[in-house]
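Hydrogens, waters and symmetry mates play no part in the numbers below; they use all other heavy atoms, side chains included. Since the model is a prediction, treat every value here as computed from it, not as a measurement.
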Amino acid sequence: MKPGSYTQIYIHYVFVVSHKTYLIHEKQQIEVYPFIAGLIKSMGHKSLAVNGMPDHIHVFIGFNPNKSPSETIKEIKRASTNFINSKKWFQGNFSWQSGYGF
């Protein structure tokens, strides 16, 4: 971007637990949502809201155009999957369904 230029982009992502399984309950939400918000900030975006239901998550961000939307969601899903699996909350491996909406 040129010096003095200004962008204001907002993106709302929605992504779903694999097989639409109801796994992200309050016990997990109180750890997963702040983790995702911190990750968004570390990627240079602004976390405006992270919330959801047991089978899906909504992420609303002030988007930094230095990264693509697909790179951003790929990293959010990758890192949050690793975080959730490291907690060993579930038998087997946790995963997100492929794809996303925004």
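Between the side chain of K77 and the main chain of Q97, a donor-acceptor pair closer than 3.5 Å is present. Checking side-chain atoms of Y22 against main-chain N and O of M53 turns up no donor-acceptor pair under 3.5 Å. At distances below 3.5 Å, not a single donor-acceptor pair connects side-chain atoms of E75 with backbone N or O atoms of T72.
N82 meets the side chain to side chain contact (heavy atoms under 4.5 Å, CB included) test with R78; sequence neighbours excluded. Applying the side-chain hydrogen bond (donor to acceptor under 3.5 Å, both in side chains) test to Q8 and every residue at least two apart in sequence or in another chain returns Y6, Y10. By the side-chain hydrogen bond (donor to acceptor under 3.5 Å, both in side chains) test, S70 pairs with S68, sequence neighbours left out. Every side-chain hydrogen bond (donor to acceptor under 3.5 Å, both in side chains) that H58 has, sequence neighbours left out, goes to H12, H56. Annotation: side-chain hydrogen bond (donor to acceptor under 3.5 Å, both in side chains) contacts of K46 (sequence neighbours excluded): none. Every residue was checked against the ring-ring contact (aromatic ring centres under 6.0 Å, His included) condition with Y33, not counting sequence neighbours, and none meets it.
Minimum heavy-atom separation, Q29 to P34: O-CD, 3.7 Å. The nearest pair of heavy atoms linking M43 to I76 is SD-CG1, 4.4 Å. Of all non-hydrogen atoms in A79 and L39, the two that sit nearest each other are CB-CD2, 3.5 Å. Closest approach of I40 and S47 over heavy atoms only: CG2-N, 3.8 Å. Between Y100 and I73 the shortest heavy-atom distance is CE2-CG2, 3.3 Å. In this structure, I9 and P65 approach most closely via the heavy-atom pair CD1-CB, 4.1 Å.
Cluster membership check: F94 shares its hydrophobic cluster with W89, using side-chain heavy-atom separations under 4.5 Å among Ile, Leu, Val, Met, Phe, Trp and Tyr. In the hydrophobic clustering of this structure, F35 groups with I24; members are Ile, Leu, Val, Met, Phe, Trp, Tyr whose side-chain heavy atoms approach within less than 4.5 Å, directly or through other members. I57 and F102 fall within the same hydrophobic cluster, where Ile, Leu, Val, Met, Phe, Trp and Tyr residues are linked whenever their side-chain heavy atoms come under 4.5 Å apart, directly or through other members.
Remark: of the listed residues L48, V59, I61, I61 is the sole one forming a side chain to side chain contact (heavy atoms under 4.5 Å, CB included) with I11.
In this structure, W96 and F15 have perpendicular ring planes: the angle between them is above 60°, well past the 30° mark.
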Intermediate values then yes/no, side chain to side chain contact (heavy atoms under 4.5 Å, CB included), F90 and T21: CA-CA 12 Å; F90 314 113; T21 309; over 6 Å; no

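Annotation: side chain of E31 is in contact with side chain of F83 (closest heavy-atom distance under 4.5 Å).
Remark: K20 NZ to D55 CG distance equals 4.5 Å, nearest 0.5 Å.
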